[in-house]
Structure formats: C-alpha cells, structure tokens
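Report on one structure; see the data block that follows.
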Protein chains: 2
Amino acid sequence: MSIYVHNGFMNSLQTLEPVVEASCCVPSAKPAMSAEVAQQRALIFKALADPNRLRLLSIVKAGESGEACVCDLTEPLDLGQPTVSHHLKILVEAGLLRREKRGTWAYYSLVPGALEQAAGLLATL
Amino acid sequence: MSIYVHNGFMNSLQTLEPVVEASCCVPSAKPAMSAEVAQQRALIFKALADPNRLRLLSIVKAGESGEACVCDLTEPLDLGQPTVSHHLKILVEAGLLRREKRGTWAYYSLVPGALEQAAGLLATL
DNA sequence: CATCTATATCGATCAATGTCAATCTATGTG
DNA sequence: CACATAGATTGACATTGATCGATATAGATG
C-alpha cells in the first residue's frame, strides 16, 4: 500500500510534498461480502460449475413429470452410474435437487425455487 | 407418478401380470442441453465458484466509482497480489469484469449486464 | 433365504485449481 | 539512464475434484 514513500532520514523533504501518489482510487466505503457468506454462496456455484451437472439439471427439468431416475440419466451423459450418483449427490447437497426413493428407484426433481434463488444471489452481490 | 402401479383393481394379478420392469420413468422427450453448451455455461459458474472471486465482484460492485484497482483488492481479501491478479484474470476471461489500465494502475469494473446474463442462464436451464 | 436389480459408497488415479515466492513488464520519476 | 512501483506471469506445491472399477446396501422377486 504505502501511501507515502520513505521519508526516513530525508525529513527535510516534507516541504516538498505531495510525493503522494495518494491512492489509486477510493476504496469502497460499504462493507464487502464477508468471507463466510462468500464461502457459502460459492458452494452453490461450485455445484453449478460442472457441465455434466448442468446437463443433469437440464434433463430433470425438461422431463414431463419433473423428475428423473438415475437409470435415465446415465445414458445421455455417457458417464458411469457411480459418477452420475456422485454428481446427483452434490446437487442435492447444494439444495438444488431433492431425492425421493420409491421402490428400487431413486427419483430426482428440482427443489422449487432453488434455481431462482441461486440467480438471486447474483443480483445481490 | 409411477406408470403401472394400480391398474384398476388388482384382479389382473391372477395372471401373474408381467411385473414390468419396463422402465422406471419416462425419459424426457425434449433434447437436453448439449455437451458443448453445458461446457460453455459451466465456465461462467466456475468463475463464480470461488469465495474470493465472489468477494472481488462484491467489492468492485460496491465501489463508489464502480471500479477498483488491484491495490485496493489485495488487502481486504488477505491474499497475495499475484493471487488476486490471477482471480481477476479468471473473472475477466469469464466476461464478468473488464480491465482498464490507466497509468501504473489497472482498474477493474463489472461488465454491464454480465451478472444478469449469468442469472439468466439459470432460468433457461 | 437366495437372488436380482437399482443405486450408493469406497478407493485409487489423474487432471484441475488455489496459493505463494520469485521474476518479469510496463509505467512512471529523478 | 537508474530506480521505484503496480501489476502480470511463471513455477512449484498442496488440495480439490471428476471419473472409474469394485463393492456394499436396499428393495423386489422367487
């Protein structure tokens, strides 16, 4: 930072002011996003930051019934079943998807309003 | 939803009705997001998927002048200058920030509409 | 109970990412 | 030119993350 340069032994320089580059710009008065809030919000975007997860959300959303099971998600993504399960878990933990198990199958659907809320995070940065 | 559960009354059970594994659910008719589009969109969210970058955006946005230089961004994040430069570069490449060099300093400001556009990506999944 | 099937979890591997110290570049200024 | 400063770039290192094969679990079936 150094607002003023070293005037250590050159005290007579003080009359030669304004050395000063002052500051390059006005620092913001308003408090920025806290580290904690930032960390929390980043979790949502981390979940969205993978192309395969975006496609998963897209497929689930596009489905007639608004839900899809893992078996229908594995093929279009060309990924192994464990990998798809892993991505789904991340989306659930991010609060974007919810999981409902019926019989042998697990159905995933969008959490209502979750995407809108995520979008809202960007508006209120 | 379940396609086959109660078929009227259970009288058909006598016939040992094909307990249909059929399919667990109807696959979506609509085409999902392509791999290419998904990859591109993920880039935006990757840029947003780091708490320090969210804070950078927040600080830049909060600034009186709508811009900030690196020297004002290093301290509040408690990160080294090279690291801040690195994050800023990622935000610029994602199309979220723009960089203008004036004299010795580099000023970063939000690309107008960029955040709104990113939010829009979520609405049109 | 034995078995099959859909899904989840585990362990390993390899690529991507965040961070820093050191260095380089560009724009000053004396 | 010599030197100082703001910022970018490079290289190394540690951590995270995506993926897969193998295995575990849970519900359905026989």
Side-chain angles (χ1 to χ4, degrees), chain A residues 1-7 10 13 16 18-25 35 38-39 42-43 45-56 68-75 77-94 97 99-108, chain B residues 2 4-5 13 16-25 35 38-39 42-43 45-56 68-75 77-94 97 99-108:
Chain A
M1 268 306 215
S2 75
I3 298 180
Y4 33 25
V5 280
H6 52 72
N7 52 356
M10 316 176 73
L13 274 184
L16 289 180
V19 181
V20 196
E21 311 283 342
S23 75
C24 45
C25 43
Q39 177 123 26
L43 283 182
F45 295 115
K46 273 186 212 286
L48 295 166
D50 179 275
N52 286 318
R53 286 197 289 270
L54 288 180
R55 298 186 77 193
L56 284 174
C69 66
V70 182
C71 61
D72 281 332
L73 296 170
T74 302
E75 182 209 326
L77 289 199
D78 197 33
L79 287 178
Q81 172 266 319
T83 304
V84 172
S85 260
H86 172 242
H87 285 311
L88 289 169
K89 182 177 186 179
I90 290 177
L91 290 169
V92 167
E93 286 173 347
L97 287 186
R99 172 182 185 270
E100 183 190 352
K101 190 160 187 188
R102 291 202 300 273
T104 325
W105 296 287
Y107 295 88
Y108 288 87
Chain B
S2 73
Y4 52 87
V5 215
L13 272 184
L16 289 181
E17 192 49 31
V19 182
V20 206
E21 306 290 336
S23 76
C24 46
C25 44
Q39 178 122 26
L43 283 182
F45 295 115
K46 272 186 211 289
L48 294 166
D50 179 274
N52 286 318
R53 287 199 287 272
L54 289 179
R55 298 185 78 194
L56 284 174
C69 65
V70 181
C71 61
D72 281 333
L73 296 170
T74 303
E75 183 209 326
L77 289 199
D78 198 32
L79 287 178
Q81 172 265 316
T83 303
V84 172
S85 261
H86 172 243
H87 285 311
L88 289 169
K89 183 177 185 177
I90 289 177
L91 290 170
V92 168
E93 288 173 346
L97 287 186
R99 174 182 183 269
E100 184 190 353
K101 189 161 189 188
R102 290 201 302 270
T104 323
W105 296 287
Y107 295 87
Y108 288 86

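Labels below follow one simple rule: chain letters A, B, ... track the order of the sequence lines, proteins then strands, and each chain is numbered from 1.
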Just the rounded figure in Å: distance from [atom2] of [N] to [atom1] of [X].
X        : N      : atom1 : atom2 : value
B:Glu100 : C:dT27 : CD    : P     : 14 Å
A:Trp105 : C:dC4  : CH2   : C1'   : 12 Å
A:Leu91  : D:dG17 : CG    : P     : 14 Å
A:Arg102 : C:dT5  : CZ    : C1'   : 17 Å

When you measure from the side-chain N and O atoms of A:Tyr108 to the phosphate of C:dA6, is any distance below 4.0 Å, counting only OP1 and OP2?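 So the side chain of A:Tyr108 is outside the cut-off, no N or O lying under 4.0 Å from OP1 or OP2 of C:dA6.
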Below 4.0 angstrom from OP1 or OP2 of D:dA8, is there any side-chain N or O of B:Arg99?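 Indeed, a polar side-chain atom of B:Arg99 lies that close.
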Each nucleotide in nucleotides 14-26 of chain C should get exactly one letter: B, S or -. Can you fill that in based on protein heavy atoms under 4.0 Å? ---SSBBBB----
Atom of A:Ala38, atom of B:Pro51 and distance for their closest heavy-atom approach: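 Shortest heavy-atom separation between A:Ala38 and B:Pro51 comes out as CB-O, 3.5 Å.
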Is there a donor-acceptor pair under 3.5 Å between the side chain of A:Lys46 and the backbone N or O of B:Ala49?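 Answer holds: yes.
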Taking B:Arg55 for the side chain and B:Leu73 for the main chain, is one N or O donor matched with an acceptor at less than 3.5 Å?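 Side chain of B:Arg55 to backbone of B:Leu73: no pair is present.
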Can you tell me if B:Glu100 has over 12 outside heavy atoms packed within less than 6.0 Å of its CD?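 For B:Glu100, atom CD is crowded (more than 12 foreign heavy atoms under 6.0 Å).
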Salt bridge (Lys or Arg N to Asp or Glu O under 4.0 Å) partners of B:Arg99, counting only residues at least two apart: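 B:Arg99 satisfies salt bridge (Lys or Arg N to Asp or Glu O under 4.0 Å) with no residue once adjacent residues are dropped.
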